[in-house]
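Lettering of chains follows the sequences in order, A, B, ..., and the numbering in each one begins at 1. Keep in mind that what you see is a predicted model, and the values were worked out from it rather than measured.
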Protein chains: 2
Amino acid sequence: MSGPAANFEHEDRIMGEHTVASFDEDLAQISKLISDMGDLARLMVSGSTKALLNSDNTLAQRVVSDDAIMDARQRELDDRAITLIAKRQPMANDLRAVVGSIRMAGDLERIGDLAKNIAKRVGTVGLSVTPRDLSHSIDAMAQLVLIQVQGVIEEYAAKDASALAKLRNEDERIDVKYTSVFRELLTYMMEDPRNITACTHLLFCAKNLERIGDHVTNIAENAYYVLTGSQLPANRPKQDETAMSAPAA
Amino acid sequence: MSGPAANFEHEDRIMGEHTVASFDEDLAQISKLISDMGDLARLMVSGSTKALLNSDNTLAQRVVSDDAIMDARQRELDDRAITLIAKRQPMANDLRAVVGSIRMAGDLERIGDLAKNIAKRVGTVGLSVTPRDLSHSIDAMAQLVLIQVQGVIEEYAAKDASALAKLRNEDERIDVKYTSVFRELLTYMMEDPRNITACTHLLFCAKNLERIGDHVTNIAENAYYVLTGSQLPANRPKQDETAMSAPAA
């Protein structure tokens with residue numbers, strides 16, 4: 001199991017089959033936690049956007065509560081990973097897998113935070129009636145994000161490095177969609193000042209979805225590194241085009 | 001240096017003074033990197049807000065370039081930390097220090113990202129003239145954030161756990177200021193639709209400053225844990241009040 005440790009000085013250690021099997025068990029538990037966190041992240045993203053589009057305060061509240069579960073799972077994963085490093089002293093690619101899990105858990109926890117932030121805005125946005133076209137645009141953006149969240153979990157579980165590389169590049173579609181939602185929101189605000197409060201909250205919701213996409217990208221890059229031991233070529237620039245130029249309005 | 005390892009099963013290892021000294025040297029290098037990243041974060045936050053308030057595109061561009069240095073330093077720290085764990089197999093509080101450094105570096109890198117995002121909006125916002133009152137409010141918020149960034153670096157270097165605990169609670173002042181800037185921006189947008197584009201960018205800038213405050217809070221909590229081995233009581237809720245209720249406008 002322990003891979004090439006060319007980069008590390010280390011003494012040979014006497015390690016029985018039993019110890020190695022236990023390391024694998026520990027690592028499998030950590031992978032299980034990542035997978036659970038991934039499922040929860042997907043539920044939270046899907047729940048928060050549904051709550052937003054249907055002004056469903058009960059569902060929004062559930063997403064807010066789910067975030068506490070997410071945080072607890074991240075702490076559990078961190079504790080297990082640190083204990084594993086201390087107890088088993090893994091080398092090279094075993095160590096990479098453990099450190100990669102810590103990082104992936106960090107990104108999943110951030111996705112939960114962002115979904116919670118969307119959920120917390122449901123009460124405020126719900127006060128106004130969202131125009132149908134706008135709902136449709138936000139829904140379309142949310143669907144793209146959900147596909148990415150689901151995909152990264154599945155492809156990490158399937159250990160499919162090339163699918164992860166491909167998925168990373170799909171984030172661009174979310175960025176393009178975000179830019180168009182941003183422009184649409186500005187138009188609504190300009191049309192009628194009474195839309196401004198609700199639209200600024202929707203702006204943050206759209207930005208949060210765009211950032212969830214960025215965290216999926218990070219997870220894909222980390223998962224790729226864990227699986228292959230090499231970094232994906234040339235970090236895809238995380239574009240928020242709206243930050244660079246004033247959208248035409 | 002190696003502390004009580006009550007929570008970890010481990011075999012006694014033969015460890016000469018030389019080895020221990022090298023561990024301390026390795027750890028000192030990591031601490032130096034954290035301190036460098038902290039200085040850079042402070043420069044980036046200060047540069048990006050100055051650039052925003054003075055429409056200084058050259059300074060904004062420097063902040064954007066600095067982010068690449070920040071990213072490189074984080075990668076270097078991660079590599080060193082992982083190599084250190086693999087090579088030295090630290091136990092208990094040594095391990096805590098290394099893992100804590102990885103986490104702090106993650107938050108510092110995020111602060112750099114957020115400063116870069118503010119810098120990238122300078123060109124867009126600069127097209128319009130920012131009202132003096134609004135500049136003053138954003139400047140006041142930026143000053144609070146800078147004090148926090150500077151403070152957390154200094155108090156971590158000084159190993160002052162009680163100052164870190166106190167600093168964590170100061171984040172509330174940033175949140176309060178953010179809520180007031182948010183309301184002010186909505187007012188400007190409602191007054192004149194021509195302000196909307198610039199004000200939405202300023203809204204994101206203010207939100208980024210508020211989030212920089214949250215990352216400072218994370219760093220303070222992590223630094224406290226590294227220094228004391230115990231968690232700060234009851235996670236202070238990270239309040240973005242604007243997400244919970246519609247500001248009066």
Undergrad: Output the distance between atom CZ (A:Arg194) and atom CE (B:Met190), rounded to the nearest 0.5 Å.
TA: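 Answer rounded to 0.5 Å: 11.0 Å.
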Undergrad: Any chance you could measure A:Met189, atom CE, to B:Thr197, atom OG1, to the nearest 0.5 Å?
TA: 8.0 Å
Undergrad: For A:Arg96, check salt bridge (charged side-chain N to carboxylate O under 4.0 Å, His left out) against everything at least two apart and list the hits.
TA: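 For A:Arg96 there are no salt bridge (charged side-chain N to carboxylate O under 4.0 Å, His left out) partners, ignoring immediate neighbours.
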Undergrad: Anything under 3.5 Å between a donor and an acceptor, one on a side chain of residues 97-107 of chain B, the other on a protein residue two or more places apart or in another chain? List them.
TA:
| unit_1 | atom_1 | unit_2 | atom_2 | d |
| --- | --- | --- | --- | --- |
| B:Ser101 | OG | B:Ala97 | O | 2.8 |
| B:Arg103 | NH2 | A:Asp78 | OD2 | 2.8 |
| B:Asp107 | OD1 | B:His215 | ND1 | 2.7 |
| B:Asp107 | OD1 | B:Asn218 | ND2 | 3.1 |

Undergrad: Would you call the rings of B:Phe204 and A:Phe204 parallel, tilted or perpendicular, taking 30° and 60° as the class edges?
TA: perpendicular
Undergrad: Which residue out of A:Leu185, A:Asp71, A:Leu203 racks up the most heavy-atom pairs below 4.5 Å with chain B?
TA: A:Leu203
Undergrad: About how many Å separate CD1 of A:Ile85 and CG of B:Leu95, when rounded to the nearest 0.5 Å?
TA: 6.0 Å
